[in-house]
Amino acid sequence: MTTSHPALRLSDRIAELLDDPASVPAVWSSRPQWRQSLAHGAPGIALLHIERAATGRGPWEPVRAWLSLAAGAPVTSGADSYLYYGAPALAHALSCAAQAQPGSYQRALDHLDQVVTADAVHRCDQAEARVERGDLPALAEFDTIRGLSGIGAVLLRRAPGGETVRRIVASLVHLTVDSAHHGEILPGWWTLDGPSGKSDARFPGGHANSGLAHGIAGPLALLALALRCGVEVDGQREAIRAILAWLERWRDGHSWPYWITAADLTGPDREPLAPQRPSWCYGTAGVARAQQLAAFALGDPRLRHDAEGALAAALVDPKALAATTDLSACHGYAGLAHIAHRAAADASRRSADCLRSVAALLLNTIHPPRADADEQAQRLLATAGPTFLEGAAGTALALLTPATGNAPATGWDACLLIS
């Protein structure tokens with residue numbers, strides 16, 4: 001029988017402090033994105049309460065309160081919506097609730113499925129037109145946060161056998177075809193913008209982004225997850241291997257650069273990577289988990305071993321951990337502990353034991369022995385805010401799996417493309 005970790009008290013206390021939407025300070029609740037943002041608003045906080053209610057750790061009343069807030073007015077769709085905002089964000093939250101309570105929210109989900117599907121089809125049409133023009137993509141075309149990888153995660157869960165999922169997968173496969181631009185041969189996911197998705201003078205000639213949130217690791221994860229679900233299109237396995245080969249080219253020990261610039265392609269050998277946080281959004285945790293998923297999809301035990309080894313090494317690297325400065329799900333200790341435990345569940349026995357030990361060490365860092373859970377929760381809410389991706393709700397949610405030893409009951413972390 002698994003014994004829960006004391007960090008679970010911190011998770012519980014955060015949830016208690018966030019049980020009523022009316023209790024959230026106006027500095028957060030008055031923000032325009034509050035009602036519809038999975039990252040920074042009500043749908044993300046709802047995920048915490050949905051998972052707790054599904055596992056018997058909390059009541060359903062906070063779930064209903066937060067979902068009512070999220071769905072209490074017209075929901076954004078179309079070009080301004082994506083996995084972390086608008087219709088796809090609400091669809092993800094409601095589908096998590098429906099998994100715990102089959103049949104619930106069905107009318108709303110049926111409507112959202114139609115909306116998200118129509119938007120995905122339009123995005124695929126735009127991607128195909130962009131390819132026909134010979135243009136390079138924007139990050140928002142394909143990434144997890146704003147692009148087809150994120151929307152694909154929603155539809156892979158809601159309609160895995162649907163034609164729209166296949167179109168998304170096909171678009172991401174085509175993304176891996178090299179492009180010629182001003183005489184240079186570039187990977188198909190090269191973008192002329194900076195990592196923010198906007199023009200950036202620091203990135204003349206653009207860049208190729210490696211991260212799971214904004215870079216090519218997102219399409220890698222989606223392609224792998226789709227293959228594991230039985231969704232396969234022409235060239236999918238080759239596309240996965242093309243991404244893996246690119247990542248291997250630029251790997252430095254157990255780390256990957258956040259991005260590759262035009263100067264990196266044409267200049268001398270890169271300097272060794274400086275210590276960087278091994279986070280979900282950018283860093284080893286996200287990239288290695290995407291590689292592990294790809295290894296399972298391809299049936300490649302050597303790749304799986306390499307991915308698991310890189311993840312374990314990064315999460316005990318003192319310099320990498322020193323660069324990690326918060327507890328968040330996005331780029332903090334709680335997210336690392338969650339990914340370590342998720343990866344352990346899919347790992348070989350030896351790697352699994354190592355990764356679970358790493359997760360336990362991370363939990364001790366998050367909630368040291370004799371720490372006051374109430375004081376820590378209050379301080380976290382005051383400094384990081386109540387939100388999912390970078391705030392207290394996400395920290396509390398990410399703690400549940402490693403602290404209890406149980407996989408998520410609702411599949412909430414599908415929005416991170418790690419499951």
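By convention here, the first residue in the shown sequence is residue 1. Keep in mind that this is a model prediction, so the values were computed, not measured.
A donor-acceptor pair under 3.5 Å is absent between the side-chain atoms of Arg302 and the main chain of Arg304, judged by distance alone. When atom types are taken as modelled, the side chain of Thr395 and the backbone of Leu327 share a donor-acceptor pair closer than 3.5 angstrom. For His207 (side chain) and Asp193 (main-chain N/O), a donor-acceptor pair under 3.5 Å exists by modelled atom type. Between the side chain of Thr191 and the backbone N or O of Pro137 there is at least one donor-acceptor pair closer than 3.5 Å. For the pair Gln99 (side chain) and Ala409 (backbone), a donor-acceptor distance under 3.5 Å is present. Thr365 places a side-chain N or O within 3.5 Å of a backbone atom of Leu361 that can act as its donor or acceptor partner. Glu308 places no side-chain N or O within 3.5 Å of a backbone atom of Leu355 that could act as its donor or acceptor partner.
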Using the side chain to side chain contact (heavy atoms under 4.5 Å, CB included) rule, take Leu172 and Ile168 through it: C-alpha gap first, then chi angles, then the decisive distance, then the call. CA-CA 6 Å; Leu172 296 178; Ile168 290 173; 4.2 Å; yes

Check the pair Asp300, Arg241 against salt bridge (Lys or Arg N to Asp or Glu O under 4.0 Å), reporting the backbone distance first and the verdict last. CA-CA 11 Å; Asp300 188 334; Arg241 291 205 177 277; 3.6 Å; yes

What's the verdict on side chain to side chain contact (heavy atoms under 4.5 Å, CB included) for Trp280 and Leu389, showing C-alpha distance, side-chain angles and the deciding distance? CA-CA 10 Å; Trp280 165 76; Leu389 205 53; 4.0 Å; yes

Take Arg158 and Val116 through the test side chain to side chain contact (heavy atoms under 4.5 Å, CB included) and record every step on the way to the result. CA-CA 10 Å; Arg158 295 293 305 154; Val116 175; over 6 Å; no

So Ile216 and Leu175, side chain to side chain contact (heavy atoms under 4.5 Å, CB included) or not? Walk me through it. CA-CA 9 Å; Ile216 195 57; Leu175 189 73; 4.1 Å; yes

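You'll find the side chain of Thr55 stays beyond 4.5 Å of the side chain of Thr404, heavy atoms only. Between His367 and Gln376 the shortest side-chain heavy-atom distance falls below 4.5 Å. Counting heavy atoms from C-beta outward, Ile243 and Leu223 have side chains that approach closer than 4.5 Å.
To the nearest 0.5 Å, atoms OG1 (Thr164) and CG (Leu156) are separated by 12.0 Å. Atom NE2 of residue His254 and atom CG of residue Asp317 lie 4.0 Å apart, to the nearest 0.5 angstrom. Interatomic distance, CG of Leu8 versus CG of Leu399, reported as 8.0 Å (0.5 Å rounding).
Under the side-chain hydrogen bond (donor to acceptor under 3.5 Å, both in side chains) criterion, Asp119 pairs with Arg123, sequence neighbours left out. Annotation: salt bridge (Lys or Arg N to Asp or Glu O under 4.0 Å) contacts of Asp200 (sequence neighbours excluded): Arg202. Partners of Tyr282 under the side-chain hydrogen bond (donor to acceptor under 3.5 Å, both in side chains) rule, at least two apart in sequence or in another chain, are Asn209. Qualifying salt bridge (Lys or Arg N to Asp or Glu O under 4.0 Å) partners for Asp12, counting only residues two or more places apart in sequence or in other chains: Arg52, Arg57.
Between Trp246 and Ala208 the shortest heavy-atom distance is CZ2-CB, 3.8 Å. Nearest heavy atom pair, residue Trp66 against residue Ile45, reads CE2-CG2, 3.5 Å. The heavy-atom pair separating Ala70 from Val75 by the smallest distance is O-CG2, 4.5 Å. Across all their heavy atoms, Leu273 and Ser255 have their closest contact at CD1-CB, 3.8 Å. Listed here is the closest heavy atom pair of Trp256 and Gln291: CZ2-OE1, 3.3 Å. Nearest heavy-atom pair, Ala344 versus Ala352, reported as atom, atom and distance to 0.1 Å: O-CB, 3.3 Å.
Ion pairing between Asp413 and Arg289 fails under the 4.0 Å rule for side-chain N and carboxylate O. We find that Arg13 and Glu16 are joined by a salt bridge, their nearest charged nitrogen and carboxylate oxygen being less than 4.0 Å apart.
Pairs of residues two or more places apart, or lying in two chains, that qualify as side chain to side chain donor-acceptor pair (under 3.5 Å) and include a residue from residues 27-50 are Gln36-Thr76.
Between the side chains of Glu51 and Thr410, at least one donor N or O sits under 3.5 Å from an acceptor N or O.
For Arg146, the CZ atom sits in a loose shell: 12 or fewer heavy atoms of surrounding residues, nucleotides or ligands are nearer than 6.0 Å. Under a cut-off of 6.0 angstrom, the local environment of CG in Asp110 is crowded, with over 12 non-hydrogen atoms contributed by other residues, nucleotides or ligands. Around the CZ atom of Arg133, the shell of radius 6.0 Å holds more than 12 heavy atoms that belong to other residues, nucleotides or ligands. Around the CZ atom of Arg228, the shell of radius 6.0 Å holds more than 12 heavy atoms that belong to other residues, nucleotides or ligands.
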For residues 83-94, please give each side-chain donor-acceptor pair under 3.5 Å, one per line with the distance, not counting sequence neighbours.
residue : atom : partner : partner atom : Å
Tyr84   : OH   : Cys415  : O            : 2.9
His92   : NE2  : Trp412  : O            : 2.9

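Of the candidates Leu293, Leu220, Leu225, Leu225 is the only one forming a side chain to side chain contact (heavy atoms under 4.5 Å, CB included) with Leu417.
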